[in-house]
Each structure stands twice: as structure tokens, then as C-alpha cells.
Amino acid sequence: MTIESLRWADSHLDILDQRSLPMRVEYLSCTTAVEVAHAIRTLAVRGAPAIGCTAAYGIALAAIGARHEQPPALRAALAAADAVLAASRPTAVNLFWALARMRAIWSTADTAPLMVDRLIREAVDIHRDDIAVNQRLGAFGATLVPDDANVLTHCNTGALATAGHGTALGVVRSAIEAGKRVHVFADETRPVLQGARLTAWELQHDGIPVTLLPDGAAGQLLASGRIDLVIVGADRVAANGDVANKIGTYMVAVLAARHGVPFHVACPLSTLDLAIDSGREIPIEQRPAAEVTGFGTERWAPEGIDVFNPAFDVTPAELVTSLITEVGVILKPDREKLLALARTGALLRETG
Ligand code: MRU
């Protein structure tokens, strides 16, 4: 079975419900943009590229729901869906990138049937292109992975977090496809446990060797000299190369620098946000206290305790060895290199 985070079925979107993994593999069927936004907010679907694809389908569903309206009323319904989806999660820029692509379609198409048809096609294209993009960045990243490598990763950046193949885990998959032996060490990724529940399940499912560790063991592991490189994904990369990713990534980056281990960030160009000057301006989502005081129905922290639960942190560019993208590897990313990349037109092409 190939892992499919999303399945489009013409009039509905089936989302692999990541809240149930690894215990149950079940799909959640959505027919409205409100249902899609709820699935994003509650982490039924998560991971920056997957969130972007899902939001695009949310707009396609809104278009189908209002297909019998005149263009002005259809546009109003789409604008309302856009607002609901944009408010679902703040950090992953792929969400806003995908919504902007969808807006560009409905502001140009003039008849309702044409608008609906083109919006559906655009969402399907965003979904399909993401797999191709991950395969391209995976191939570039695989050149950085030595044979018999031990790779430390954080959060889940695989097929579950994307349309398929993955970003950081896509690099691992491509290295294995190129004949290299790779062993993944997966941080459990407190508090939502994307590493323990999702990365461990996904890699086991595909027969990729994986060892799970508590987040606090990463320092000991890096100090032991067993890790050849760290590869993580990203939710937003600022113009100066600062990287927002799952909470705990910054600690891993500092530890990797302390122990002289390369720290690579694999991300599609749709994760770059050159409108944001530095990581300090990236909006960081704060999640509910209940994620830290317990899990599911179980509670272990005392009632009334104050909780700090940011979902993401920012790793300064100076700690990043490379950005691995679908147009190549950017060593030691900085403002100059990212602006030079923008000047090539690659970002414009990606953002339509
Ligand atoms: O809160 P999540 O699970 O959506 O956070 C996901 C991450 O931080 C991933 O590392 C990131 O989106 C890159 S996924 C290819």
C-alpha cells in the first residue's frame, strides 16, 4: 500500500486522518471548505506541503458547492472559503501560497462553469506537482547523503506531510533508491509526537530502518558521533534564510553545530517567504495547553498549571548547512543567495 495523505474524488476530498495513526488507518471525507479548515486546524492533516494541497482542494470544494451561482455570488463564496482556510493555521506559508494560486484563478476566469473547472484543475495540479517537486529535491539531497549513513530527523516530513515522497524523508527515500544504505534516527517530537506516531509508522511501513528516540536524547546521540547528518523540513523560510520548523528543531540545530554535524533543511520553493525579512517576523502558532498537560484523554500535569506551547521555533540561518530545494542545494543560505534565486524567476514560476 502506498501512503496517500490525500485522495481527491471529484466532489469530495478524503484525508488520511493522522490523529488516528499509527493505531488506525482511516480516511476523513470532506465536502466543504469549513470541514477542510477544521481538518487542518485539528491536525487530521499536517505538514506544510500537505496543508497547502488540502487548502487548494478546500477552495475547489467551495467552488463545487456554489457552482450554480452567478460569478459575483460564486466569487463571494470563494472569498469566504479563502478566509476560513487562511485562518486555520498561521505558520506554514504553503497554505497561503496555495490559496494565492487559487485566488489568481478565480479572479481571471469569467463564467461560473469555467471558474469551477479551472479551480478543480489547479488544486489537482498543486497536489500532483508537489510529488514531482519532492522527487526533484530528494535527488539533489541524496548527493549529500553518504553510503551507510545515520540521519537524525525531527517531526514528520514524509509522504504524510506532503502529497508523497516527502521533503527530509524524501531525501532519505531518494538516497535509498540510489542504492545507499540509510538508517533514520527519529526524534519523538513532543508534544504531538509526529516522530513517534507518524515518522516511525511511515518508515516501518516502507521498510526503512528507523530508531525512535526521546527528543531529550538527541544531544547524547549527536555527542556519541554516530550521526552523519541531520535533515529536517521547514514550514517557512524567511528572506535571510532563517527557518521556522517544528518546535525542538532549533535545539537540534544548536546541538548539531556543537558537535560538527551538518544540518540540512529540505523544503520546496513554496516554503520560501521572501516577503518576510527574518525569522523574528514569522508568525508562530501557539497550540492548546492540553497537548502538554496530557495526551488524548489522559492528563498528567496538575490542574491549573500555566503552559508554554509554541508549535514551531526558528533556527537562525547561520546554523543551516544547506537548503535542499527542487532547483538545487543552496549552501549556507543567506539573504544574498535567496534574492539571487528569486531573480532567476524560479520563485515566480513556483508561485504562479
Ligand atoms: O505541526 P505540524 O505537524 O504541521 O508541523 C510539521 C513540521 O514542522 C514539518 O517539519 C514541516 O511542515 C515540513 S513537512 C515536509
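We count ligands from 1, going down the list as the structure has it; atoms in each ligand are counted the same way. Hydrogens, waters and symmetry mates play no part in the numbers below; they use all other heavy atoms, side chains included. From a predicted model like this one, the values you see are computed outputs, not experimental measurements.
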J.: Does Lys246 approach ligand 1 within less than 4.0 angstrom via side chain, backbone, both or neither, non-hydrogen atoms only?
T.: both
J.: I'd like to know whether CD of Gln220 has more than 12 heavy-atom contacts from other residues, nucleotides or ligands below 6.0 angstrom.
T.: no
J.: Taking only heavy atoms of Thr167, which atoms of ligand 1 are found under 4.0 Å from at least one of them?
T.: 15 (C)
J.: In terms of ring plane angle, is the pair Tyr57 and Trp8 parallel, tilted or perpendicular, where the classes change at 30° and 60°?
T.: parallel
J.: Check Arg89 against ligand 1 and report side chain, backbone, both or neither, counting heavy atoms closer than 4.0 Å.
T.: side chain
J.: Give the single entry among Leu43, Asp235, Val265 that approaches atom 11 (C) of ligand 1 most closely by any heavy atom.
T.: Asp235
J.: Would you mind checking if Arg190 and Asp215 are paired as a salt bridge, meaning a charged N to carboxylate O distance below 4.0 Å?
T.: no
J.: What is the closest protein heavy atom to atom 12 (O) of ligand 1, and at what distance does it sit?
T.: Ala48 N, 2.8 Å
J.: More than 12 heavy atoms of other residues, nucleotides or ligands under 6.0 Å from NE2 of His183: is that the case?
T.: yes
J.: Work out whether the distance between some heavy atom of Pro49 and some atom of ligand 1 is less than 4.0 Å.
T.: yes
J.: If we count only N and O atoms by modelled type, under 3.5 Å, do the side chains of Glu202 and Asn156 hold a donor and an acceptor together?
T.: yes
J.: What atoms in ligand 1 come closer than 4.0 Å to a heavy atom of Gln194?
T.: 1 (O), 2 (P), 3 (O)
J.: For a side-chain hydrogen bond (donor to acceptor under 3.5 Å, both in side chains) with Arg236, tell me which candidate from Asp273, Thr91, Asp242 qualifies.
T.: Asp273
J.: Of the backbone atoms (N, CA, C, O) and the side-chain heavy atoms from C-beta on, which set of Cys155 has a member under 4.0 Å from an atom of ligand 1: side chain, backbone, both, or neither?
T.: side chain
J.: In this structure, are over 12 heavy atoms from other groups packed under 6.0 Å from Tyr250 atom OH?
T.: no
J.: Could you work out, for atom 13 (C) of ligand 1, the closest of Ala161, Ala234, Cys267 by heavy-atom distance?
T.: Ala234
J.: For the residue pair Gln194 / Arg46, report whether a side-chain donor-acceptor contact shorter than 3.5 Å exists.
T.: no
J.: Using a 4.0 Å cut-off to any heavy atom of Phe312, which atoms of ligand 1 qualify?
T.: 1 (O), 5 (O), 8 (O)
J.: Could you tell me the residue and atom name of the protein heavy atom closest to atom 10 (O) of ligand 1, and the distance to it rounded to 0.1 Å?
T.: Asn245 OD1, 2.6 Å
